[in-house]
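Residue numbers start from 1 in every chain, and the chains themselves are labelled A, B, ... in the order their sequence lines are given, proteins ahead of strands.
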There are 2 protein chains.
Amino acid sequence: MANLSDDPSFPFYVASRLFSQAYREPLDAIGLTYPQYLVMLVLWEKDGQMVSQIGQKLQLDSGTLTPLLKRLEASNLIKRVRSEEDERKVVIELTYPGSSLQSKAAKVAEKADEFFNNWEEKDVSQLKAIMKKLLAEFNPS
Amino acid sequence: MANLSDDPSFPFYVASRLFSQAYREPLDAIGLTYPQYLVMLVLWEKDGQMVSQIGQKLQLDSGTLTPLLKRLEASNLIKRVRSEEDERKVVIELTYPGSSLQSKAAKVAEKADEFFNNWEEKDVSQLKAIMKKLLAEFNPS
DNA sequence: ATAAATTGAATTGCAAACAATTTAAATAAA
DNA sequence: TTTATTTAAATTGTTTGCAATTCAATTTAT
């Protein structure tokens, strides 16, 4: 019979929320939500990406990203620029404040990092490897 | 510098959504959402729990649970009964349809179970053990 | 060239998640 | 006892997440 402690998804559901709660305080301090932070991470790595490129990296669709990006634009962290060659595409560009925010975001993952620093290295690398395998192989089709 | 592939939370964020997407189809078939399914799992294990007891097991507060439980009640799967001894408490009781749904929910986690069945047993038990450790030790304070 | 299909975002609508506040009830303290 | 505190849910407001649909622009096929 189905049972919470046997359910393979539940630990991930809880873990995901625990992390986003741990990030909340430092993110509040710089005016970002957790998914907004992920979008900024993607843009700090490479500025000027299309909505769909960001979506591919975060596994989010335009239904989630469009309003989120509009909020980041309202916060003056990004600009949404419609491409000239292909008017369907919207390119996301960091503003100066958006770019500058990167250094202030350095401490966001601190609590999570510290937590794993207290683990034995073999447990950390095991977890990393297994999560990588999980994400690479699991498809919800 | 902060970077998506270094972020310790991101794999859990994605995994959580992948699982809930994998559950969507079988859950749709029985008229439940993923968090509603979790609540039903908790109730199938033990009927007649308080909102706060359910919240403790799922790590959810009344702001999430109250409207969710009202929807389950509207679907005629549960009843919300205010306790007589202590009028602050609301006890959640399964209806007959709610109770009966348990057998139909047997296949919900099938895809996830099959996925892990194709893994080597040592990887599965490793992942389980590490997730257990993570959830027991990580606190987002 | 024109119609059909595809693509990229945006929109709509619903259900979480969660902080913050409120309400009511029960308990403790003065 | 009356006041203050604590507790359990509910409410309010904002942001996600996602299915489904729409809209416009671009490609492909006829």
Side-chain angles (χ1 to χ4, degrees), chain A residues 9 12-25 27-29 31-40 49-56 58-75 78 80-92 140-141, chain B residues 9 12-25 27-29 31-40 49-56 58-75 78 80-92 140-141:
Chain A
S9 72
F12 299 97
Y13 169 73
V14 175
S16 173
R17 286 186 297 119
L18 285 178
F19 280 113
S20 100
Q21 284 160 28
Y23 283 35
R24 187 176 309 274
E25 189 180 272
L27 284 176
D28 273 352
L32 291 176
T33 64
Y34 178 74
Q36 287 169 7
Y37 168 68
L38 295 179
V39 168
M40 294 304 288
Q49 297 186 66
M50 288 168 50
V51 173
S52 54
Q53 288 179 288
I54 299 171
Q56 191 209 327
L58 301 180
Q59 305 274 282
L60 293 170
D61 67 10
S62 66
T64 300
L65 285 176
T66 297
L68 186 158
L69 291 168
K70 284 182 177 175
R71 279 174 219 120
L72 286 178
E73 186 172 46
S75 303
I78 62 162
R80 298 161 60 254
V81 183
R82 215 159 260 281
S83 160
E84 301 245 326
E85 324 92 64
D86 187 337
E87 296 269 350
R88 293 171 303 181
K89 300 180 181 176
V90 169
V91 173
I92 308 300
S141 62
Chain B
S9 72
F12 299 97
Y13 170 73
V14 176
S16 173
R17 287 185 296 117
L18 285 178
F19 281 112
S20 100
Q21 284 160 30
Y23 282 36
R24 187 176 309 276
E25 190 181 273
L27 284 176
D28 273 352
L32 290 177
T33 64
Y34 178 73
Q36 287 170 8
Y37 168 69
L38 295 179
V39 168
M40 294 304 287
Q49 298 186 67
M50 288 168 51
V51 173
S52 53
Q53 288 180 287
I54 299 172
Q56 191 208 328
L58 301 182
Q59 306 273 283
L60 293 170
D61 67 11
S62 67
T64 300
L65 285 175
T66 296
L68 185 158
L69 291 168
K70 284 182 177 175
R71 278 174 220 120
L72 286 179
E73 187 172 45
S75 304
I78 63 163
R80 296 162 61 253
V81 183
R82 214 159 262 281
S83 161
E84 301 244 327
E85 323 92 65
D86 189 335
E87 296 269 350
R88 292 170 304 180
K89 301 179 181 175
V90 169
V91 173
I92 307 300
S141 61

Quickly work out the [X] [atom1] to [N] [atom2] distance and round it to whole Å.
| X | N | atom1 | atom2 | value |
| --- | --- | --- | --- | --- |
| B:Leu27 | C:dA16 | CG | C1' | 14 Å |
| B:Gln36 | C:dA17 | CD | P | 10 Å |
| B:Leu65 | C:dA16 | CG | P | 10 Å |
| A:Phe12 | C:dA17 | CZ | P | 17 Å |
| A:Glu84 | D:dT26 | CD | P | 11 Å |
| A:Ile54 | D:dT16 | CD1 | P | 14 Å |
| A:Tyr37 | D:dT15 | OH | C1' | 19 Å |
| B:Arg71 | D:dT11 | CZ | C1' | 13 Å |

For A:Arg71, enumerate each residue passing the salt bridge (charged side-chain N to carboxylate O under 4.0 Å, His left out) test, keeping only those at least two apart in sequence or located in another chain.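 Salt bridge (charged side-chain N to carboxylate O under 4.0 Å, His left out) list for A:Arg71, sorted by chain: empty.
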Set of salt bridge (charged side-chain N to carboxylate O under 4.0 Å, His left out) partners for B:Glu87, sequence neighbours left out: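 So B:Glu87 forms no salt bridge (charged side-chain N to carboxylate O under 4.0 Å, His left out) with any residue.
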Please report the interatomic distance CD(A:Gln56) to CG(A:Leu58), rounded to the nearest 0.5 Å.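 If I round to the nearest 0.5 Å, the distance is 10.0 Å.
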Stepwise, does the side chain to side chain contact (heavy atoms under 4.5 Å, CB included) test hold for A:Val91 with A:Gln49? CA-CA 5 Å; A:Val91 173; A:Gln49 297 186 66; over 6 Å; no
Quick one: label A:Glu85 by what it contacts on the DNA or RNA (base, sugar-phosphate, nothing), any heavy atom closer than 4.0 Å.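 Answer is sugar-phosphate: A:Glu85 comes under 4.0 Å of backbone atoms only.
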Let me test you: for the helix from C:dA1-D:dT30 to C:dA30-D:dT1, what is the angle between the axes at its two ends (five pairs each), rounded to 10 degrees?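 About 0° separates the two local helix axes.
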Could you walk me through whether A:Val39 and A:Leu65 pass side chain to side chain contact (heavy atoms under 4.5 Å, CB included), step by step? CA-CA 9 Å; A:Val39 168; A:Leu65 285 176; 3.9 Å; yes
If only atom types and distance count, is the side chain of [X] paired as donor or acceptor with the main-chain N or O of [Y] below 3.5 Å?
| X | Y | result |
| --- | --- | --- |
| A:Glu25 | A:Ala22 | no |
| A:Gln21 | A:Leu18 | no |
| A:Glu73 | A:Lys70 | no |
| B:Thr64 | B:Leu60 | no |

Would you say the side chain of A:Ile92 lies within less than 4.5 Å of the side chain of A:Met50, judging by non-hydrogen atoms?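 No, every pair of side-chain atoms sits at 4.5 Å or beyond.
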Plane angle bin for B:Phe12 and A:Phe12 - parallel if under 30°, tilted between 30 and 60°, otherwise perpendicular: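 Parallel, since the angle between the ring planes stays under 30°.
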Quick one, B:Ser20 with B:Arg24, criterion side chain to side chain contact (heavy atoms under 4.5 Å, CB included). Give me CA distance, side-chain angles, the key distance, then yes/no. CA-CA 6 Å; B:Ser20 100; B:Arg24 187 176 309 276; 4.3 Å; yes
Please determine if A:Arg17 forms a cation-pi arrangement with A:Phe19, meaning its NZ or CZ atom is less than 6.0 Å from the six-membered ring centre and no more than 45° off the ring axis.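 Ring-cation test returns no.
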Nucleotide N/O of nucleotides 17-19 of chain D paired with protein N/O under 3.5 Å:
residue: D:dG17; atom: OP1; partner: B:Tyr13; partner atom: OH; Å: 3.1
residue: D:dG17; atom: OP2; partner: B:Tyr13; partner atom: OH; Å: 2.6
residue: D:dC18; atom: OP1; partner: B:Gln21; partner atom: NE2; Å: 2.5
residue: D:dC18; atom: OP2; partner: B:Arg17; partner atom: NH1; Å: 2.9
residue: D:dC18; atom: N4; partner: A:Gly63; partner atom: O; Å: 3.2

For a side chain to side chain contact (heavy atoms under 4.5 Å, CB included) check, start with the C-alpha distance between B:Leu72 and B:Met40, then their side-chain angles and the critical distance, and finish with the verdict. CA-CA 9 Å; B:Leu72 286 179; B:Met40 294 304 287; 4.1 Å; yes
Report each atom pair, protein N/O against N/O of nucleotides 3-9 of chain D, whose distance is under 3.5 angstrom.
residue: D:dT7; atom: O2; partner: B:Arg88; partner atom: NH1; Å: 3.0
residue: D:dA9; atom: OP1; partner: B:Val51; partner atom: N; Å: 3.3
residue: D:dA9; atom: OP1; partner: B:Val90; partner atom: N; Å: 3.4
residue: D:dA9; atom: OP2; partner: B:Ser52; partner atom: N; Å: 3.0
residue: D:dA9; atom: OP2; partner: B:Ser52; partner atom: OG; Å: 3.0

Close N or O pairs between protein and nucleotides 3-5 of chain C (under 3.5 Å):
none

